[in-house]
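Written below as structure tokens is the structure these notes are about.
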There are 2 protein chains.
Amino acid sequence: LLRGKGIRKTYLTGEVQIEVLKGLDFEIVEGEFIVILGQSGSGKTTLLNIMGGMSTPTSGELYYRGEPLHNADEVKLNAYRRSSVGFVFQHYNLIPNLTAYENIKLVADIAENPLSVNEVLQDMGLEDWAGHFPSQLSGGQQQRVAIGRALVKNPDLLLCDEPTGALDSKTGIQVLRALLKLSRENRKTIVIITHNIEIAKMAQRVFYLKDGLFEKVEVNDYP
Amino acid sequence: LLRGKGIRKTYLTGEVQIEVLKGLDFEIVEGEFIVILGQSGSGKTTLLNIMGGMSTPTSGELYYRGEPLHNADEVKLNAYRRSSVGFVFQHYNLIPNLTAYENIKLVADIAENPLSVNEVLQDMGLEDWAGHFPSQLSGGQQQRVAIGRALVKNPDLLLCDEPTGALDSKTGIQVLRALLKLSRENRKTIVIITHNIEIAKMAQRVFYLKDGLFEKVEVNDYP
Ligand SMILES: Nc1ncnc2c1ncn2[C@@H]1O[C@H](COP(=O)(O)OP(=O)(O)OP(=O)(O)O)[C@@H](O)[C@H]1O
Ligand SMILES: Nc1ncnc2c1ncn2[C@@H]1O[C@H](COP(=O)(O)OP(=O)(O)OP(=O)(O)O)[C@@H](O)[C@H]1O
Ligand SMILES: [Mg+2]
Ligand SMILES: [Mg+2]
């Protein structure tokens, strides 16, 4: 589904250049559940942003279903982001004057083939908080609204930047089950950044990012 | 240092009342390192906000060094928040047009007895990113700036709402060591909300919050 060759990313801060990604090669197959692990500052969000067309690599090639994204124009990138990718950010970006339900419905209304808003609220354990505004929700509840908003879009590729960081284990497992259900039943491809070893065990493959390169890739025999 | 008797908190949403805290009693001793555990939505942030004078209980009593806070006026609460309490929020609230260094220095400049900004940046492993703006920092780096901002104030009571949620284990341990150093060497009192069992093991006591009450309190033989 998504292929990267020699992906590099350099940031310029004042006069200092920092090369964060130093030549990543990867191929992610449709229906896969991938986890990316790495230390704070190792480049995970940078990589996820490139995968999701939110950012372009400094050099290297990126292909989605064989179509090049690395030199695509903004119209093509926008279409890719809007139609094919769901994104769960490290910051939730909920709309403060819409309720939990309305935050999710907003996305459903403009998606081509959305899931049911009520079903997503249930999968996220939020049916009792559907009428709450973001300021009336706990941190973990807000995070789950953000995840629900990405899920309801029913994207082919779901990119999640630490989707369970604000959640306790039990709630985190509930959320992950919803994501796995999506991946297995609907052949959706999911890439998750996490620090949680339990989540990593659920992945088919785990990419370890260190010093701008994939230090290793582990294949899990089962999940 | 901090004592609570029968702390209750009820939220009103539309016409629905939700009693989140149902009568909490606690006494936190100066120099203690406390961890609060509990499921998403169990009331941890609500409790921490009350402890920090950010919110008042619906009923119950709260004392800081014997002085009542539960019925204190805004002038007194403001003085308490400004002089005695450091807070690390679930959302970092960094000032976007100030660098990491400047975000921390801003607080040091108005604190009565601040720590060294450079020393705090080092304890947070951020000396190489001091000149970066928040938009140029990773999620975990932003979190550490927020922690540094609370630490530099050198408060008697440090309240941390999931301070290592966005951090990998190694970085999280580095940050926690800085907090423990503060607690042990300077007799600072620290209360941390976390989902991380490793952090809980470092505490002197762990409060388990469930259904608006402390289900149990564990005492760790060592740390
Ligand atoms: N301003 C508010 N108005 C109405 N309900 C609220 C408000 N703030 C919080 N709540 C509700 O109170 C409950 C407790 O919220 P709180 O933020 O204390 O939980 P928490 O334990 O910190 O959860 P998390 O681990 O997800 O951060 C939640 O169910 C939440 O929806
Ligand atoms: N816009 C930017 N300008 C300059 N440097 C940046 C920018 N964005 C990120 N960086 C730097 O690039 C490095 C990688 O950042 P990135 O956000 O990808 O890390 P991460 O692995 O997601 O970390 P975390 O686990 O803390 O979220 C960091 O050192 C960060 O400071
Ligand atoms: Mg990140
Ligand atoms: Mg909370």
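In the text below, chain A, chain B and the rest are named by the order of the sequence lines, each starting its count at 1. Side chains are part of it too, since the values below use all heavy atoms of this structure and drop only hydrogens, waters and symmetry mates.
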Whether B:Asp161 and B:Lys44 form a salt bridge (side-chain N of Lys/Arg under 4.0 Å from carboxylate O of Asp/Glu) is what I want to check. no

Under 30°, 30 to 60°, or over 60°: which ring-plane class applies to A:Phe26 and A:Phe207, parallel, tilted or perpendicular? tilted

Heavy-atom proximity to chain A below 4.5 Å, by part of B:Gln142: side chain

Chain A contact via B:Leu37 - which portion, at a heavy-atom distance below 4.5 Å: neither

Looking only at heavy atoms and a cut-off of under 4.5 Å, which of B:Gly140, B:Gly38, B:Ser40 has the most pairs with chain A? B:Ser40

Can you tell me which portion of A:Phe133 sits under 4.5 Å from chain B's heavy atoms? Options are side chain, backbone, both or neither. neither

With a 6.0 Å cut-off on ring centres, are B:Tyr64 and B:Tyr80 close enough? yes

Is it the case that A:Thr171 and A:Arg144 place a side-chain donor and acceptor less than 3.5 Å from each other? no

Under 3.5 Å side-chain donor-acceptor pair for B:Gln136 and A:Tyr11: no

Using heavy-atom distances under 4.5 Å, tell me whether B:Glu162 contacts chain A through its side chain, its backbone, both, or neither. side chain

Hey, which of A:Asp168, A:Leu167, A:Thr164 has the most heavy atom pairs under 4.5 Å with chain B? A:Asp168

Aromatic ring pairing B:His132/B:Trp129, orientation class (parallel under 30°, perpendicular over 60°, tilted between): perpendicular

Highest number of heavy-atom pairs under 4.5 Å with chain B among A:Gln141, A:Gln90, A:Lys170, A:His195 belongs to A:His195

Contacting region of A:Gln39 [heavy-atom separation from chain B under 4.5 Å]: both

